Protein chains: 2
Amino acid sequence: MKINGVPYRTIWPSADRRSVTIIDQTRLPHEFVTRSLANLDQAAHAIKAMQVRGAPLIGATAAYGLALAMNADPSDAGLKTAYDRLLATRPTAVNLRWALDAMQTGLTPLPPAQRALTAWQRAAALCDEDVAINEAIGRHGKSLIAQAWERKGCQGSVNILTHCNAGWLATVDWGTALAPIYAAHDGGIPVHVWVDETRPRNQGASLTAWELGQHGVPHTVIADNAGGHYMQHHRVDLAIVGTDRTTASGDVCNKIGTYLKALAAFDNKVPFYVALPSPTIDWTISDGLVQIPIEERAGDEVSHIPGLAEDGRITRVQVTPKGSAVANPAFDVTPARLVTALVTERGICPATPEGLRALFPEKAP
Amino acid sequence: MKINGVPYRTIWPSADRRSVTIIDQTRLPHEFVTRSLANLDQAAHAIKAMQVRGAPLIGATAAYGLALAMNADPSDAGLKTAYDRLLATRPTAVNLRWALDAMQTGLTPLPPAQRALTAWQRAAALCDEDVAINEAIGRHGKSLIAQAWERKGCQGSVNILTHCNAGWLATVDWGTALAPIYAAHDGGIPVHVWVDETRPRNQGASLTAWELGQHGVPHTVIADNAGGHYMQHHRVDLAIVGTDRTTASGDVCNKIGTYLKALAAFDNKVPFYVALPSPTIDWTISDGLVQIPIEERAGDEVSHIPGLAEDGRITRVQVTPKGSAVANPAFDVTPARLVTALVTERGICPATPEGLRALFPEKAP
């Protein structure tokens, strides 16, 4: 997608295969800063410090981290050290392990002298695959936006609500939930996005708003509390969100607060779509509420809010009283009954076991 | 209720009837600052700048604002100017008009020379009535908490979710939604309150958490996004909120986001109670969604968040990108079908026209 008119990916290698460049997302939306990662240490730090975030982008960064490590030490010991080091950066990120395993499987059989070149090639291929998946999600999801546009008699614009950041900043390009929005916008359908700020980490206000703005997509940031009201007043034509983990029955585990928006969409007959690359489907579970453990994150994400101070510095302020306890569950589970449809790289399906299996017959038990 | 062990009201007149003192709620929870209001301008500013907020306290402040105005100019013109000036400060607040009308009705027939003294007496009486109403709401609502406590077999504590601040800071004392909680806590029922932070103005994180903490009530601040998740996992025994305006049919207009919590409560069979003094009932309307206009407040309440900086100053940080639009509807309407019961000073009733009319037969059309 574009930043200030120039197309970017979120991660890209140098031509000489000595470094890889990322966007430091901890500085967004207030500063656009890129960082060149030249070794394993810097790649591990970028993941751990959340300069890169979003499951697909974490996987891509880890893959390039292994490639950087192979430049320095392509021995078996070097490979193991790099794998362990990168895996430890975000122990709960499933994509991280998946990407590292895919890299390791390809590199281990090779003689050390061939590992660096292959690692760079495989990391690039992994990124291209992510882009292809998201582009396909965008193509399929665009048809849903086109339908909403036709239901409105092609008047005004299609108002789309989204939660958190499932945009290109979370992936290598396009994003998941935002891919259909970019595809519709680029294809000439007028869209307007209601951006949930997404407390406590404000990924909507800071990342989704920034990337939509840079690409020229009309949008309005709202408090997470406001979406239901806009649905009641027919000012939301559809909602679309991403997912961190999807059960075989279509339950969706996504950023905390997604469930509340799904309830409001259901109550107001607003279509509620979930966009997902198929690797986020966990075919082994079918009851999201019971089977998905919810990460409890640090309380200071609730009690303290970072932002741009009036003096231009990026700082944070405390909003709670000293002595008040805080709690911070990071995700919630939206039952499949509230999801209108799932949008995958293979197409659109109902959020049901049958719907998912029809698109992914090879996963049938 | 208590601050640091000392009982307070939120507003109190000076003995010489030249001024009235308020707690500057814009400085909470980080600083406890009182302000003396000595004239109409200062009273209007206190309401408009939300140094005082909450429908009953706004009404009380407006009443004292009229009394201050009568000190300076008790003529018919002075009365009309003060009435209009105060009414314009918060157009959605039905209590504001009610309090001003009550004052005006009592003052208009009097000769100007008698108006000031009468105004101070009537403002004081209006405050005492508010305290009596809230104490009664607390007594009735406490029975609902006691029932929840018995349903749990008197084990653990009763977990109560609330949204925004309908506490004693929003009234003259006790509060509306929090009155039953204080009554239960003071009466020995163990309670724990989930405090929605209540974006965009964070009245939950800043005011509800502060007043509960000062009075010694166990509580935990959560993002507005988290309440549905806790209800899904049986960690909320009941929800209780206030209301700015209630229709004759039991629809409830309260702080933005209330509707989302009511949906989640309904979906999880969690009792959802609304506490209200009867002056907030608008007997002339019966369809809240259609008939209640929703105030749109300044966008910088969403884009900028105030709090305590690390250097100890109270400042604000911007969380949205430059150039992103923001929208800020301040209230939403929760349909009566989602409300388990209304808690009034006369007792508890279903959120139906019949329920309300049974408690207030004099309002029958």
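Residue numbers begin at 1 in each chain, while the letters A, B, ... track the order of the sequences. Note that the coordinates shown come from a computational prediction; the quantities given were computed from them, not determined experimentally.
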If you count heavy-atom pairs under 4.5 Å with chain B, which of A/Asp332, A/Val302, A/Leu263 comes out on top? A/Leu263
Highest number of heavy-atom pairs under 4.5 Å with chain B: which of A/Ala205, A/Pro306, A/Ala223?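 When all of A/Ala205, A/Pro306, A/Ala223 are compared, A/Ala205 has the most.
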Locate the shortest heavy-atom distance separating [X] from [Y]; write the atom from each residue and the value.
X: A/Ala264; Y: B/Leu260; value: CB-CD2, 3.6 Å
X: B/Val221; Y: A/Ser324; value: CG2-CB, 4.2 Å
X: B/Ala327; Y: A/Trp194; value: CB-CZ3, 4.1 Å
X: B/Asp224; Y: A/Asn225; value: OD2-ND2, 3.1 Å

As an exercise, state the distance from [atom1] of [X] to [atom2] of [Y], rounded to the nearest 0.5 Å.
X: B/Glu197; Y: A/Arg199; atom1: CD; atom2: CZ; answer: 4.0 Å
X: A/Tyr230; Y: B/Ile256; atom1: OH; atom2: CD1; answer: 7.5 Å
X: A/Asn328; Y: B/Thr220; atom1: CG; atom2: OG1; answer: 12.0 Å
X: A/Leu289; Y: B/His229; atom1: CG; atom2: NE2; answer: 9.0 Å
X: B/Gln318; Y: A/Ser206; atom1: CD; atom2: OG; answer: 11.5 Å

Proximal component of [X], with respect to chain A [non-hydrogen, under 4.5 Å]:
X: B/Asn202; value: side chain
X: B/Glu310; value: both
X: B/His30; value: side chain
X: B/His163; value: side chain
X: B/Arg201; value: neither
X: B/Pro218; value: neither

Sort [X] into side chain, backbone, both or neither according to what part of it lies under 4.5 angstrom from a heavy atom of chain B.
X: A/His233; value: side chain
X: A/Leu28; value: neither
X: A/Lys322; value: side chain

For the candidates B/Ser303, B/Ala226, B/Gly213, which exhibits the highest count of non-hydrogen atom pairs separated by less than 4.5 Å from chain A?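 Ranked by contacts with chain A, first place is B/Ala226.
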Contact leader toward chain A among B/Pro29, B/Pro321, B/Gly257, B/Pro200, where contacts are heavy-atom pairs under 4.5 Å: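 Most pairs with chain A among the choices: B/Pro321.
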Should B/Gln232 and A/Pro335 count as side-chain neighbours, where that means a heavy-atom distance under 4.5 Å? yes
Going through the checks in order, is the side-chain contact (heavy atoms from CB on, under 4.5 Å) test met by A/Asp267 and B/Phe266? CA-CA 11 Å; A/Asp267 197 45; B/Phe266 191 84; over 6 Å; no
